[in-house]
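Only one structure is covered here, and it is reproduced in the block below.
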2 protein chains.
Amino acid sequence: MKKTRTGNSRELLIDAAEAVVLRDGGSTLTLDAVAAEAKVSKGGLLYHFPSKDALIEAMIERLIRTFTASLELALQSEPPTRGRFARALVRAMFDRPPELAEKESRMSASLLAGVANQPRLLDPLRNAYARWMKAVAADGLPPGRSMAVFAALDGIWLWSLFGIYQPTPTQLRAIRIVLEELIATDAS
Amino acid sequence: MKKTRTGNSRELLIDAAEAVVLRDGGSTLTLDAVAAEAKVSKGGLLYHFPSKDALIEAMIERLIRTFTASLELALQSEPPTRGRFARALVRAMFDRPPELAEKESRMSASLLAGVANQPRLLDPLRNAYARWMKAVAADGLPPGRSMAVFAALDGIWLWSLFGIYQPTPTQLRAIRIVLEELIATDAS
DNA sequence: GTCTATATCAAGATAGAC
DNA sequence: GTCTATCTTGATATAGAC
């Protein structure tokens, strides 16, 4: 713990930024709003994050860390048999506390939206996916299965991200069963 | 053809807006840029679309119409057996000319991004999904199958939308086969 | 490290002439 | 229906004091 640095302030500022997005939506993510939320002046904020992009990048990285953590957790309790990674993905997506999932959805949507035109900011996400896709490829199932499961989960995520469609709990259960069968069934 | 109205001008302006987005990205979709592209003044543009939101809404509606049309086409050549809608979805997504798909992806991403904070503008998309989900529910397959297929297609779409991950042709083929088997296989 | 004050700018929208 | 000119706002970022 030698290096406290400015690390803690940064985390607090990211907290504030998240609070703003969750409370008022992504379009209100302005430096003023974040500074106010953190009870800091804009100058103070800009000391830690020299630009708004830097702030957004940090928010994205935190979001990825959070998801990665719950994926790791799910992985640990999966037996190392074929389809392990796919099973962990399914659990990480479906078994997340609903209100947490809802928050992360809104956060993700706002960030994706704010960032879609500056592809560079999505690099951390791209890197994360590249890693996951490697795991998918090494998952031991017949070709395409794990990736199809991954895609389906991301499809549901997309619907929720932009409020495009809200599956009922029954529908979600049905989809989950289909995906789990896809993982469990032997190649045809 | 009695009502020509301002319809044609509107279409030309939407063409221009699309051209701007495709050439320079979504963040450059400004009234000035669209007006310049259409060789019209900003005032002229605003005569037809009283606000930028109105323009974006029209762009979204056109995009939905386009996709709906190719889905209808795919539907027509599918035999009316169980899983018809799911099969049509698969074909509409996979068999689209690649460079067209790429354009539509970029368009969609820019529009989604610009609009994520004003959920009302996504209403046309929500309505379209509501219709499709009805068709999915009536598709005749075991519960969750058609919807899982739909989700998987949208997941791949999401990856492409934001350039998150680019599946190889081999991977795409493998996924497609998995999905088609999911549609064709009897309930387990 | 944090603050205030200010520069700068881009963009949406309005008004009114033609 | 289309144009020019202008208003207004809201946001990023900088400069420099404390």
Side-chain angles (χ1 to χ4, degrees), chain A residues 1-21 23-60 110-111 113-121, chain B residues 1-21 23-60 110-111 113-121:
Chain A
M1 289 303 179
K2 196 168 150 199
K3 289 189 144 191
T4 301
R5 294 182 54 195
T6 60
N8 197 36
S9 303
R10 278 175 59 100
E11 293 305 314
L12 290 175
L13 290 170
I14 299 176
D15 288 343
E18 288 189 350
V20 168
V21 169
R23 176 161 26 81
D24 303 324
S27 61
T28 66
L29 181 66
T30 66
L31 295 181
D32 289 285
V34 174
E37 178 76 24
K39 287 178 184 139
V40 164
S41 71
K42 195 152 54 165
L45 169 58
L46 281 166
Y47 171 78
H48 294 282
F49 298 96
S51 74
K52 187 182 179 180
D53 280 357
L55 173 62
I56 292 182
E57 196 170 11
M59 295 176 75
I60 293 178
S110 298
L111 290 178
V115 133
N117 302 310
Q118 305 193 328
R120 199 201 110 261
L121 290 182
Chain B
M1 289 305 178
K2 198 169 149 198
K3 288 190 142 187
T4 300
R5 291 184 56 196
T6 60
N8 196 36
S9 302
R10 278 176 59 100
E11 293 307 312
L12 290 174
L13 291 170
I14 299 176
D15 289 344
E18 287 188 350
V20 169
V21 169
R23 176 162 27 81
D24 303 325
S27 61
T28 66
L29 181 66
T30 66
L31 295 179
D32 289 286
V34 174
E37 178 76 24
K39 288 179 183 137
V40 165
S41 71
K42 192 151 58 163
L45 168 58
L46 280 167
Y47 172 80
H48 294 281
F49 298 97
S51 71
K52 187 182 180 181
D53 281 357
L55 173 62
I56 292 182
E57 196 169 11
M59 295 175 77
I60 292 177
S110 299
L111 291 179
V115 134
N117 302 310
Q118 304 192 329
R120 200 201 110 261
L121 290 182

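The figures here come from the full heavy-atom set of this structure, side chains too, leaving out hydrogens, waters and symmetry mates. Throughout, protein chains are lettered first and strands after them, A, B, ... in sequence-line order, and every chain is numbered starting at 1.
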- Task: Scan for salt bridge (charged side-chain N to carboxylate O under 4.0 Å, His left out) pairs involving residues 48-57 of chain B, sequence neighbours excluded, and state none if there are none.
- Result: B/Glu57-B/Arg120
- Query: Which pairs with one or both residues in residues 27-50 of chain A pass salt bridge (charged side-chain N to carboxylate O under 4.0 Å, His left out), sequence neighbours excluded?
  - Reply: A/Arg23-A/Glu37, A/Asp32-A/Lys42
- Query: Once you round to the nearest 0.5 Å, how far does CZ of A/Phe49 lie from CG of A/Leu31?
  - Reply: 11.0 Å
- Query: So how far is it from B/His48 NE2 to B/Leu12 CG, rounded to the nearest 0.5 Å?
  - Reply: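 These two atoms lie 9.0 Å from each other.
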- Taking protein heavy atoms under 4.0 Å as touching, what does nucleotides 11-18 of chain C look like 5' to 3' if B marks base contact, S marks sugar-phosphate-only contact and - marks none? SBBB----
- Task: For residues A/Ile56 and A/Leu29, report the shortest heavy-atom separation together with the two atoms involved.
- Result: CG1-CD2, 4.3 Å
Measure the distance from [atom1] on [X] to [atom2] on [N] and round it to the nearest whole Å.
X	N	atom1	atom2	answer
A/Leu45	D/dT14	CG	C1'	14 Å
A/Arg10	C/dT2	CZ	P	13 Å
A/His48	C/dT2	NE2	C1'	8 Å

